[in-house]
There are 2 protein chains.
Amino acid sequence: MNKPEKSLLPEGAKARQVYLSLRDQIADGRLEDGDSLPPEQKLAEIFSVSRVTIRRALDALAAAGLVVRRAGSGTTVRTSGQAGQPMAMNLATLMPQLVEMGQTTTARLLSFSYGAAPEFVASALHLQPKEQVQIATRVRSTDGTPFSHLTTYVPAGIAENYSENDLATTPLFKLLELSGVQIKDAHQSVSATLAGPDVAEALGIAVGSALLSLRRVVRDVNDNGVEYLSALYRPDMFRVEMPLTRVGDGSARHWQPAIGKPPGEPS
Amino acid sequence: MNKPEKSLLPEGAKARQVYLSLRDQIADGRLEDGDSLPPEQKLAEIFSVSRVTIRRALDALAAAGLVVRRAGSGTTVRTSGQAGQPMAMNLATLMPQLVEMGQTTTARLLSFSYGAAPEFVASALHLQPKEQVQIATRVRSTDGTPFSHLTTYVPAGIAENYSENDLATTPLFKLLELSGVQIKDAHQSVSATLAGPDVAEALGIAVGSALLSLRRVVRDVNDNGVEYLSALYRPDMFRVEMPLTRVGDGSARHWQPAIGKPPGEPS
DNA sequence: AAAATTTGTATCTTTTATAATACAGATTTT
DNA sequence: AAAATCTGTATTATAAAAGATACAAATTTT
């Protein structure tokens, strides 16, 4: 009745550690495509764990498609033929390059309510304490695979200009502008966090997976905060891309974000 | 002095899950400063685990300073008085705002060698297969606390223009320009990953912690790749900040990175 | 074709995490 | 001041992860 349950992230502490170590060696080039891993028995000695534990780690690596195992022959690294490149959000456009990639996204509304703004939202949006905000949580998917978990906070007065249904179809900042809000600027902050149970379930990933975390505060022409976004992205499906140019001369030489130009194609 | 960072996520699978869930609820505002958590017995029922497991999770939260526990009274969320804001790297300058923050960083060289470029480096830098590169791994600290783990790949011909010692004192792109390299542009890609054993040890964090991952390819005026950087940052100490402006009219309205302007102060 | 390797599978033991339960000490409520 | 709550601590039992071992099946080497 219970299927083997091929987990991408080992539950146990040691197996997980071995998995992460090998994954890192593959990711940073210490182990390259086609390289043979040491036999399981050797790995067990290297990591000072039992072969069973090594096995669990290798199972996870194989499930993730990072290695190929063949009885008698051994385990080899396989990084080519990896799942297509993750979706990219170009900083210059603030929008995922969906059109270029021929991909479409769908949104599903997980929760929708009005309530007092949490402290950090109120201060970021310059709201009165306890001011009412609309809190909506959505999951975006591409080709049926969820890749982002979005929670937005919008002052109640503004949020009343669009319907709960609109949220499932239209990007929020479009809704805001359609509502007459004059967006002036935004500030994004990117970081990383671990997936908790609810987010993990919504995104179809293991609890404790790494997530790209993006927070965005959007302000209108009067410097009133109109949107606070807390977004979590699967790092294997989403990245923030930033083309940069070196400008200026001599000691005034500095970096500047390249605008309007997509990132250089990988040859 | 800095305390040895007792953030230690629980080893066990369930305790870790509870810890992450509660931590997330605190992080995203569902639980606010001063809020009382349900008593341990209630939490055990809510999460369907034993009180012992709840206790381990709360121990970790308390060690991380996110909650305060008082016998008889209960456990309350404490987010104020938290460790100061993380260092920010402004996109517009590509440099951490160290001067403004009155902070200094030191670098420690973990490894230094020459070898064949890993495939992904070779293709990103447009190198010949097997071309020699200098591979250096450094850890940067601020006030004695390590916050980033940097691995750089530089073509051997270029790398010979500076010494191993220079690496510990000077940002790499400065060394490159001092070496006569004319940097034209760069491309950064930001994502997230989990800390493996070696990185975890170097950064003084637990294995399996979330890390901000940044990859940067720097090219010179002839479009030759001169540096490949793979950087890992502690998310509690480092963020990438991106100020953005809405420009244009009507349907041509779009986002643009704001340049030369530091992010708005949080009042 | 035989021998040596290496992965696949199975069983058993040991260790560790979790569960269940009880009660003491601190704090608040009645 | 007594009762009700809640955290702190301890004990024992059960479940899960890890270790140890043996051998079969696939592959490579000799």
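Worth knowing before you read on, the calculation uses all heavy atoms, side chains too, and leaves out hydrogens, waters and symmetry mates. The chains referred to below are lettered A, B, ... by the order of the sequence lines, with proteins before strands, and numbering in each begins at 1.
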Within this structure, what is the [atom1]-to-[atom2] distance between [X] and [N], rounded to whole angstrom?
X: A:Glu45; N: C:dT6; atom1: CD; atom2: C1'; result: 14 Å
X: A:Arg69; N: C:dG8; atom1: CZ; atom2: P; result: 5 Å
X: A:Ile54; N: D:dG19; atom1: CD1; atom2: C1'; result: 12 Å
X: A:Asp59; N: C:dT9; atom1: CG; atom2: C1'; result: 12 Å
X: B:Leu43; N: C:dT18; atom1: CG; atom2: P; result: 16 Å
X: B:Tyr19; N: C:dA17; atom1: OH; atom2: P; result: 17 Å
X: B:Arg55; N: C:dC23; atom1: CZ; atom2: C1'; result: 14 Å
X: A:Leu61; N: C:dT7; atom1: CG; atom2: P; result: 13 Å

- Message: Walk me through whether A:Asp28 and A:Arg23 qualify under salt bridge (charged side-chain N to carboxylate O under 4.0 Å, His left out).
- Response: CA-CA 9 Å; A:Asp28 67 15; A:Arg23 186 212 55 168; over 6 Å; no
- Message: Looking only at side-chain N and O atoms, does B:Tyr114 offer a donor or acceptor that is under 3.5 Å from a partner on B:Gln132?
- Response: no
- Item | Between A:Thr105 and A:Arg140, a side-chain donor and acceptor under 3.5 Å | yes
- Item | Per-nucleotide protein contact string for nucleotides 23-28 of chain D (B base, S sugar-phosphate only, - none; heavy atom under 4.0 Å) | ---BSS
- Query: With a 4.0 Å cut-off, would you call A:Asp35 and A:Arg78 a salt bridge?
  - Reply: no
- Would you call B:Arg69-B:Glu40 a salt bridge at under 4.0 Å N-O? yes
Reckon [X] has a side-chain N or O less than 4.0 Å from the OP1 or OP2 of [N]?
X: B:Thr75; N: D:dC6; value: no
X: A:Lys14; N: C:dT15; value: no
X: B:Lys42; N: D:dT5; value: no
X: A:Arg56; N: D:dA18; value: yes

- Which part of the nucleic acid, if any, lies within reach of B:Ala44 when heavy atoms closer than 4.0 Å are counted: base, sugar-phosphate only, or nothing? nothing
- Item | Ring geometry between A:Tyr228 and A:Phe120 (parallel below 30°, tilted from 30 to 60°, perpendicular above 60°) | perpendicular
- Query: A:Glu40 has a side chain; which of C:dT7, D:dG8, D:dC6 sits nearest to it?
  - Reply: C:dT7
- Query: Taking the side chain of A:Pro39 as its heavy atoms from C-beta onward, which of D:dA18, C:dA19, C:dT6 lies nearest to it?
  - Reply: C:dT6
- Task: Determine yes or no for a side-chain-to-main-chain donor-acceptor pair under 3.5 angstrom, with B:Ser209 supplying the side chain and B:Ala206 the backbone.
- Result: yes
